[in-house]
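Notes to accompany the following structure.
What you are looking at is a predicted structure, and each value in this text was computed from that prediction instead of being measured. Read the numbers this way: they start at 1 and go in the same order the structure lists the ligands and their atoms. Atom set for the values below is all heavy atoms of this structure, side chains included, hydrogens, waters and symmetry mates excluded.
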Amino acid sequence: MTFPPIRTAVFPVAGLGTRFLPATKASPKEMLVVVDKPLIQYAVEEACTAGIEKFIFVTSHGKAAIEDHFDANPSLEEMLARRGKTAELAIVRSAQLAPGQAVFIRQQVPLGLGHAVWCARHMVGNQPFALLLADDLILAQKPCLSQMMEAYHQLGGNVAAVMDVPPEQVDRYGILDVLKDDGVHVQAKDVIEKPVLGKAPSHTAIVGRYILQPEIFQILGQQQTGTGGEIQLTDAFPALIKDMPFHGVRFTGKRFDCGLKEGWLEANLAFASTRPDLKEHLLSVIEKYYEVRAQQ
Ligand code: G1P
């Protein structure tokens, strides 16, 4: 069986990012930098590699920097060209999306992830789409969304990236109630948003990458608020699962929760350690701090 290719991706970028204040006072949390690139650019590049051609950003007040980041910057480009800084010019241009490729819509009220996704319904239309949460940064040889595309072309339906988490962390994630598990593909019979410890049906947790069928929009449009008084995306999955399969993909790679300072710090170390220009310096700095700690 063949399934329609996924060419559209939604990026919910309306959240406030209060955990990172004051960094996020006047700058979107998705523009937080890991090494030298904003989180949202990592997500967009992952989507490009997986074949995405249309990029829908669900933004809110104060997020204009995201729109500017993926636009041309004529004065900067002209200045770099004039000074012969060709490498820097290529870097600036690589962050630019082609004319008409990016769509920016507003979530006017912060009603939750499910509501943000629903806001994109007219722009997505009646086709399956990818959904990427830029807070979840994934270091992988083959990008996570590309791994999920392979699973989608095998299985169809809805697909989410999953990983196994320690029991005490189940209340941070959407957790799968597992029907079948072959080690990589995990079919769910239910998904529960942030269950309390002891009530979780498994330890298999959703990470912020999804491939979803457009039927989700109708469910989200009728949905009541859930955990935290918000319209939760996960709460739409049980109704979706009644009509079509929902699979988790245990991706190969390491995910960093860049919505938390600890995860963001670790991501900086992990990504810098893959960079030939930074690795040696990074390791010598770490050794220095290690010595400081040993002396304390
Ligand atoms: C969201 C989803 C949750 C998912 C998580 C992955 O939660 O609601 O199901 O497991 O992203 O990062 P949030 O982190 O926005 O609270």
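- Of the heavy atoms in Leu133, only side-chain atoms (C-beta onward) come closer than 4.0 Å to ligand 1.
- Aromatic ring centroids of Phe129 and Tyr210 lie 6.0 Å or more apart.
- Not a single protein heavy atom sits closer than 4.0 Å to atom 14 (O) of ligand 1.
- Nearest protein heavy-atom neighbour of atom 12 (O) of ligand 1: Asp136 OD2, 2.7 Å.
- Using a 4.0 Å cutoff on heavy atoms, Arg255 counts as a contact of ligand 1.
- Every atom of ligand 1 with a heavy atom of Gly208 under 4.0 Å away is listed here by number and element: 6 (C).
- Among the atoms of Gly174, some N or O lies under 3.5 angstrom from an N or O of ligand 1.
- Judged by distance alone, the side chains of Gln154 and Glu150 never bring a donor and an acceptor atom under 3.5 Å apart.
- Here side chain to side chain donor-acceptor pair (under 3.5 Å) pairs that include residues 87-101, with residues two or more places apart or in two chains, are Glu77-Arg93.
- Side-chain contact check for His115 and Glu230: no donor-acceptor pair (N or O, by modelled atom type) lies under 3.5 Å.
- Comparing Arg172, Arg209, Lys194, Glu230 by heavy-atom distance to atom 16 (O) of ligand 1, the nearest is Lys194.
- Gln127 and Thr8 form a side-chain donor-acceptor contact under 3.5 Å, judged by distance and modelled atom types alone.
- If you check which protein heavy atom lies closest to atom 2 (C) of ligand 1, you get Glu193 OE2, 3.7 Å.
- Residue contacts with ligand 1 do not include Gly259, since none of its heavy atoms lies under 4.0 Å from the ligand.
- We find the CG-OG1 distance between Leu139 and Thr274 to be 6.0 Å, quoted to the nearest 0.5 Å.
- The distance from the OG atom of Ser273 to the CG atom of Leu278 is 10.0 Å, given to the nearest 0.5 Å.
- Distance check for atom 8 (O) of ligand 1: a protein heavy atom is found below 4.0 Å.
- Considering both main-chain and side-chain atoms, Ile206 comes within under 3.5 Å of ligand 1 through a nitrogen or oxygen pair.
- Inclusion of Thr234 in the set of residues having an N or O under 3.5 Å from an N or O of ligand 1 is warranted.
- Taking the ring pair (Phe, Tyr, Trp, His ring centres under 6.0 Å) definition, one finds that Phe11 meets it with Phe57, sequence neighbours left out.
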